[in-house]
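Read through the structure below, which is laid out as structure tokens, and then see the notes.
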Amino acid sequence: MSSVTPSPRDRRRATTEVKGALRELSLQLTLLDRQVSARVSLKDVDLDCLDLINRTGPLTPTALARQANLHPATLTGILDRLERAGWIARERDPEDRRAMRIRALRERNGELISLYAGMNSAIDAICDDYSDTDLALLTDFLTRATAAGQTAAQDLAAPDTPNTTGTTD
């Protein structure tokens with residue numbers, strides 16, 4: 001069986017379709033996140049910060065502000081809302097009692113898990129249609145696309161543009 005090399009035009013078309021599918025996925029995930037955040041009475045940005053805290057915490061407010069690309073004053077309001085709603089706790093850093101650390105209160109994670117259960121089940125069913133090799137390829141693609149998105153965001157926040165976090169490097 002011979003392998004046919006696609007024409008440059010076919011290759012561009014296929015690449016354009018991948019980009020379009022990624023944009024559509026991004027939009028649908030944003031809409032899902034909005035529904036989830038509304039169900040738990042959080043703002044979209046609150047849910048984003050809670051996700052970062054859950055995945056990388058405990059962490060300092062400064063580290064979270066950098067990761068979320070938020071001004072520290074904006075982050076303070078977000079943390080206040082998350083703490084009042086029982087999603088996070090602010091605690092003294094055991095290694096530096098002057099510093100604060102933010103940690104997620106895992107007791108509430110069940111609420112989020114149940115709200116994302118439909119999507120998680122759908123993704124499990126989709127993954128069942130792919131081989132382990134295919135899944136490794138998809139994981140590699142998504143990991144590399146995520147890194148490219150992170151780089152593009154960092155480039156937009158380069159030194160020649162205004163610093164939105166209010167921090168200096």
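Crowding of Arg11 atom CZ: a count of heavy atoms from other residues, nucleotides or ligands under 6.0 Å not exceeding 12. Applying the 6.0 Å contact sphere to OH of Tyr116 captures more than 12 heavy atoms from other residues, nucleotides or ligands. Within a 6.0 Å radius of CZ in Arg106, more than 12 heavy atoms belonging to other residues, nucleotides or ligands are found.
Leu112 and Leu31 are members of different hydrophobic clusters when ILVMFWY side chains are connected at heavy-atom separations under 4.5 Å. One hydrophobic cluster, built from ILVMFWY side chains closer than 4.5 Å, cannot hold both Leu32 and Leu22; they sit in different ones. Under the 4.5 Å side-chain heavy-atom criterion for grouping Ile, Leu, Val, Met, Phe, Trp and Tyr, Val18 is not connected to Leu135 through any hydrophobic cluster. In terms of hydrophobic clustering, with Ile, Leu, Val, Met, Phe, Trp and Tyr side chains grouped at heavy-atom distances under 4.5 Å, Val36 and Ile123 are assigned to a common cluster. If you chain together hydrophobic residues whose side chains sit under 4.5 Å apart, Leu25 and Phe141 never meet in one group.
Atom CD in Glu83 sits 11.0 Å away from atom OG1 in Thr76 (nearest 0.5 Å). Atoms CG and CG, on Asp48 and Leu42 in that order, are 10.5 Å from each other to the nearest 0.5 Å. Rounding to the nearest 0.5 angstrom, the gap separating the CZ atom in Arg9 from the CZ atom in Arg13 is 5.0 Å. Within the model, atoms CG of Asp132 and SG of Cys127 stand 10.5 Å from one another, a figure rounded to the nearest 0.5 Å. Note: Trp87 CH2 to Leu105 CG = 9.5 Å, rounded to the nearest 0.5 Å. With rounding to the nearest 0.5 Å, the separation of CG in Asp51 from OG in Ser37 is 12.0 Å.
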Problem - Worked check of side-chain hydrogen bond (donor to acceptor under 3.5 Å, both in side chains) between Asp124 and Ser121 - result: CA-CA 5 Å; Asp124 287 342; Ser121 295; 5.3 Å; no
Problem - side chain to side chain contact (heavy atoms under 4.5 Å, CB included) evaluation trace for Leu59 with Gln67 - result: CA-CA 10 Å; Leu59 69 169; Gln67 286 185 31; 3.7 Å; yes
Handout entry: Derivation and outcome, side chain to side chain contact (heavy atoms under 4.5 Å, CB included), residues Leu29 and Met119
Key = CA-CA 9 Å; Leu29 291 175; Met119 181 63 172; 3.7 Å; yes
Practice task
Dump the intermediate steps for side chain to side chain contact (heavy atoms under 4.5 Å, CB included) on Thr15 and Arg12, then the final yes or no.
Solution key: CA-CA 5 Å; Thr15 299; Arg12 280 191 306 275; 5.7 Å; no
Handout entry: From CA spacing to verdict: side chain to side chain contact (heavy atoms under 4.5 Å, CB included), Thr60, Ile102
Key = CA-CA 6 Å; Thr60 66; Ile102 306 157; over 6 Å; no
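Closest approach of Arg90 and Leu79 over heavy atoms only: NH2-C, 2.9 Å. Listed here is the closest heavy atom pair of Pro61 and Met100: CD-O, 3.5 Å. Shown here for Cys49 and Leu82, the closest heavy-atom pair between the two residues is CB-CD1, 4.5 Å. The minimum heavy-atom distance linking Thr56 with Leu52 is given by the pair OG1-O, 2.6 Å.
Side-chain contact between His71 and Leu75 is absent, with no heavy-atom pair separated by less than 4.5 Å.
Residues Arg144 and Asp140 are paired through a salt bridge, judged by an N-O separation under 4.0 Å between the basic side chain and the carboxylate.
With 3.5 Å as the limit, one finds no donor-acceptor pair spanning the side chains of Thr30 and Asp33.
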